[in-house]
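Here's the structure, in structure tokens; my notes come after.
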Amino acid sequence: MDIHSILEEIFTCDEGSALIFTRLSFWIFFAALLVGYSFIYKKKYKKTHLAKSLYLLLFSLFFYYKSSGIYFLLLLFSTTLDFYLAKAIYRSHRNAARKLLVALSVCVNLGLLAYFKYAYFLTSAVNDFLGEEAFRVVNIFSEAVNMLTGAQKFDVDNLILPIGISFYTFQILSYTVDVYRRKVAPVNSIIDFGFYVSFFPSLVAGPIVRAADFIPQIYREYSVTRREAWQAVFLILNGLVKKVAISDYISLNFVDRVFDTPSLYSGFELLMGVYGYAIQIYCDFSGYTDIAIGLALLLGFRLPPNFNSPYRAASLREFWQRWHISLSSWLRDYLYIPLGGNRKGRARTYINLILTMLLGGLWHGASYKFVVWGGLHGVALALGKLVKERRAKAPRRKFKLPAFVPILLTFHFVCLTWIFFRAADMSLALDIIYRIGAEFYLSAIPDIVAGYSLIFGLMLAAYAIHFLPQKVKVWYREMFINLPDAVKIVVALLVVFFIYQASSSEMQPFIYFQF
């Protein structure tokens with residue numbers, strides 16, 4: 001292979017070349033990054049942090065370019081705009097000017113997100129209302145490039161959602177709003193800010209990192225203990241097992257088939273498909289988070305936890321304190337509280353909860369099914385708050401439900417809403433719910449269980465691990481960390497071999513890449 005072919009392969013950007021955590025190409029990329037990084041962070045000179053930021057920024061932009069192509073320019077645009085807007089907001093002493101600048105940041109960032117994510121949805125809704133195809137979606141970026149180059153290389157009728165735009169948009173907005181609120185001071189270097197926005201482990205699927213938590217780490221000396229390094233390895237291996245050996249296997253061999261053609265399956269199979277999707281999406285998303293946190297830790301950065309055994313929650317409020325923690329806390333701090341939170345009366349509190357979850361549902365995708373998913377969570381949260389308030393005023397009763405009952409009820413409500421989240425459209429979601437209730441076929445259950453014994457056994461094992469007490473999970477993590485280094489290496493190699501054997505011929509992207 002000549003140098004031209006090698007360079008062409010390196011700088012090719014399409015779905016097949018994306019640097020996904022489960023691909024060998026990513027680990028070659030990360031190994032190359034670590035080699036160069038080890039020379040930079042060991043140097044003791046005045047601007048070491050700036051060299052680290054620039055080095056990791058360039059690698060992060062390359063990482064994003066490999067998955068999103070020319071849309072990495074969009075990331076650069078948002079980064080540059082908000083870097084200067086935040087500095088202007090901080091310097092301004094006129095309240096009206098500060099409000100105007102932060103409003104500009106919100107409008108531009110949410111406008112770009114809305115254009116790429118909701119253009120087809122909104123255009124379709126307007127055309128349906130008018131009863132004619134009055135409007136169509138045009139990719140203005142492709143059209144601009146075609147005009148500048150004088151060639152029709154890019155399709156103007158096809159609008160692609162840039163990977164990670166929902167995550168980095170919220171991250172940028174939290175920075176600008178926090179500067180406006182005087183909670184953080186703006187960074188002085190656009191390189192440091194660009195690195196914060198584009199840090200590749202969390203760039204495309206979170207966690208959504210707050211500036212106040214991350215930016216101070218940029219200026220600290222690299223410090224990772226031997227124990228932390230092995231903890232990072234444990235997190236990475238744990239995440240890969242969750243993603244490849246559990247999530248992908250259940251998805252390809254059962255869940256996808258059930259949700260794609262529900263009419264071919266009995267109610268019991270559909271119910272098991274729902275349980276399968278519940279553990280699939282958890283293992284997929286929390287697996288990504290585990291890997292991201294582990295990679296960041298190896299580079300000397302601490303990312304916040306994003307999951308905490310969410311299906312052990314005894315209420316829906318607790319579920320959202322355990323599931324996608326960075327998003328739920330973002331929605332609380334930058335949407336629910338600004339709407340008024342619980343400060344403007346009981347009725348307004350319930351409305352704010354519902355609105356927050358409706359918008360949280362829309363954040364996941366431009367479809368009525370996500371609106372329903374978010375709306376169900378919002379209504380349930382409001383009802384849960386109402387019941388809690390009523391119980392606080394009522395005399396205490398001697399009878400108390402067993403601890404597992406509220407956990408079981410919360411889990412099944414979440415599973416019900418997952419049907420809308422996963423199904424291709426509303427009609428399929430409703431069809432699945434109907435078939436679970438009307439076509440259960442109890443007599444066929446033994447044969448179904450026998451036929452899917454491996455899949456159901458894997459699901460059961462995954463749920464069993466999920467429901468283990470936290471102290472047990474800490475115990476086996478500590479056991480791995482405390483093993484002799486040679487034994488740890490052997491264990492790691494065995495896990496990698498197991499993951500390789502369990503992987504499918506085609507790598508499956510992480511579910512939250514589509515959001």
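Counting begins at 1 with the first residue of the sequence. Predicted, not measured: the structure shown is a model, and the values here were computed from it. Worth knowing before you read on, the calculation uses all heavy atoms, side chains too, and leaves out hydrogens, waters and symmetry mates.
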Could you please spell out the steps behind the side-chain hydrogen bond (donor to acceptor under 3.5 Å, both in side chains) verdict for Tyr219 and Asp192?
CA-CA 9 Å; Tyr219 306 107; Asp192 289 338; 3.3 Å; yes

Aromatic contact between Phe59 and Phe29, with the criterion being ring centroids under 6.0 Å apart: yes or no?
yes

Within-4.5 Å side-chain heavy-atom neighbours: Phe195 and Thr79:
no

Between Tyr64 (side chain only) and Ile163 (backbone N and O only), is there a donor and an acceptor less than 3.5 Å apart?
yes

When rounded to the nearest 0.5 angstrom, what is the spacing between CZ in Arg422 and CG in Leu428?
9.5 Å

Do Thr289 and Ile293 have side chains that approach each other closer than 4.5 Å (heavy atoms only, starting at C-beta)?
yes

Ser251 side, atom OG; Phe259 side, atom CZ - distance, nearest 0.5 Å
10.5 Å

Is it the case that Lys385 and Thr349 place a side-chain donor and acceptor less than 3.5 Å from each other?
no

Between His466 and Ser309, is there a side-chain donor-acceptor contact under 3.5 Å, judged purely by atom types and distance?
no

Got a sec: does the CH2 of Trp27 have more than 12 other heavy atoms crowding it under 6.0 Å?
yes

Side chains of Ser198 and Leu57: does their closest heavy-atom pair fall under 4.5 Å?
yes

Which heavy atom of Pro338 sits nearest a heavy atom of Asp333, and at what distance?
CD-O, 3.5 Å

Flag if over 12 foreign heavy atoms under 6.0 Å of NZ, Lys473:
yes

In this structure, CG of Leu408 is separated from OH of Tyr311 (nearest 0.5 Å) by 14.0 Å

Given the rule in the side chain to side chain contact (heavy atoms under 4.5 Å, CB included) test, do Leu19 and Phe200 qualify, once you have shown the distances and angles that lead to the verdict?
CA-CA 10 Å; Leu19 295 170; Phe200 72 90; over 6 Å; no

pair Asn352-Lys344: side-chain heavy atoms closer than 4.5 Å
no

Classify the ring geometry of Phe116 against Tyr71: parallel below 30°, tilted from 30° to 60°, perpendicular beyond 60°.
perpendicular

For Gln171, does its backbone N or O pair with a side-chain atom of Arg210 as donor and acceptor, under 3.5 Å?
no

Is there a donor in the side chain of Lys242 and an acceptor in the side chain of Ser247, or the other way round, less than 3.5 Å apart?
no

Rounded distance (nearest 0.5 Å) linking atom CZ of Arg220 with atom CZ of Arg302
8.0 Å

How long is the gap from CH2 on Trp373 to CE on Met357, to the nearest 0.5 Å?
5.5 Å

Flag, side chain of Tyr350 to backbone of Val379, donor-acceptor distance under 3.5 Å
no

Taking the six-membered ring of Tyr90, is the NZ or CZ of Arg182 close enough (under 6.0 Å from the centre) and on axis enough (within 45°)?
yes

Checking Lys388 against Ser315: is there a side-chain donor and acceptor pair closer than 3.5 Å?
no

Please walk me through it: do Leu298 and Phe30 pass side chain to side chain contact (heavy atoms under 4.5 Å, CB included)?
CA-CA 11 Å; Leu298 288 175; Phe30 187 66; 4.0 Å; yes

Taking CZ in Arg317 as the centre, count heavy atoms belonging to other residues, nucleotides or ligands within less than 6.0 Å. Is the count above 12?
no

Does Lys52 reach the side chain of Ile218, with side-chain heavy atoms less than 4.5 Å apart?
no

Phe421 ring center within less than 6.0 Å of Trp418 ring center
yes

Does the ring center of Phe170 lie less than 6.0 Å from the ring center of Trp363?
yes

Donor-acceptor contact below 3.5 Å, side chain Gln321 vs main chain Ala313
no

Should the pair Phe83 and Phe193 be assigned to parallel (<30°), tilted (30 to 60°) or perpendicular (>60°) ring geometry?
tilted

Quick one: does His324's side chain have a donor or acceptor within less than 3.5 Å of a partner on Trp320's backbone?
no

I'd like to know whether the aromatic ring centres of Tyr180 and Tyr175 sit less than 6.0 Å apart in this structure.
no

Can you find a pair of side-chain heavy atoms, one from Leu355 and one from Tyr336, that are under 4.5 Å apart?
no

Has Lys243 got a side-chain atom pairing as donor or acceptor with Cys283's backbone, closer than 3.5 angstrom?
no

Which of Leu303, Ile215, Val197 passes side-chain contact (heavy atoms from CB on, under 4.5 Å) with Val209? It is Leu303

I'd like to check Ile433 versus Leu416 (side-chain heavy atoms, cut-off strictly below 4.5 Å). Are they in contact?
yes

Which heavy-atom pair separates Ser328 from Ile325 by the least distance, and what is that distance?
OG-O, 3.1 Å

Minimum heavy-atom distance Ala429-Phe420, with the two atoms named:
CB-CD2, 3.7 Å

Shortest non-hydrogen pair, Leu362 vs Tyr118, comes out as O-OH, 2.5 Å

Is there a donor in the side chain of Tyr334 and an acceptor in the side chain of Asp178, or the other way round, less than 3.5 Å apart?
yes

Output field: ring centroids Tyr463/Phe411 closer than 6.0 Å
yes

Leu81 vs Ser105, side chain to side chain contact (heavy atoms under 4.5 Å, CB included): CA-CA, chis, key distance, verdict:
CA-CA 8 Å; Leu81 175 71; Ser105 170; over 6 Å; no

Parallel, tilted or perpendicular: which describes the rings of Phe307 and Phe285, with under 30° parallel and over 60° perpendicular?
perpendicular

Indicate, with yes or no, if the rings of Phe62 and Phe72 have centres closer together than 6.0 Å.
no

Do the ring planes of Phe21 and Phe26 sit parallel (below 30°), tilted (30 to 60°) or perpendicular (above 60°)?
tilted

Ser68 (side chain) donor-acceptor with Tyr65 (main chain) under 3.5 angstrom
no

Heavy-atom check, side chain of Val179 versus side chain of Lys87, under 4.5 Å:
no

Have Ser326 and Asn306 got a donor and an acceptor in their side chains that come within less than 3.5 Å?
yes

Return yes if some donor-acceptor pair links the side-chain N/O of Ser92 with the main-chain N/O of Ala88 below 3.5 Å, else return no.
no

With rounding to the nearest 0.5 angstrom, report the OG1 to CG distance, Thr176 to Asn109.
6.5 Å

Determine the minimum heavy-atom distance between Tyr196 and Ser174, stating which atoms define it.
OH-OG, 3.8 Å

Show the numbers, then the answer: is there a side chain to side chain contact (heavy atoms under 4.5 Å, CB included) between Asp290 and Leu240?
CA-CA 8 Å; Asp290 288 347; Leu240 288 171; over 6 Å; no

Looking only at heavy atoms, which two atoms of Gly361 and Phe370 are closest? And how far apart?
O-CB, 3.2 Å

Is the distance from the ring center of Tyr275 to that of His412 below 6.0 Å?
yes

Using modelled atom types and a 3.5 Å cut-off, is there a donor and acceptor pairing between side-chain atoms of Glu318 and backbone atoms of Ala314?
yes

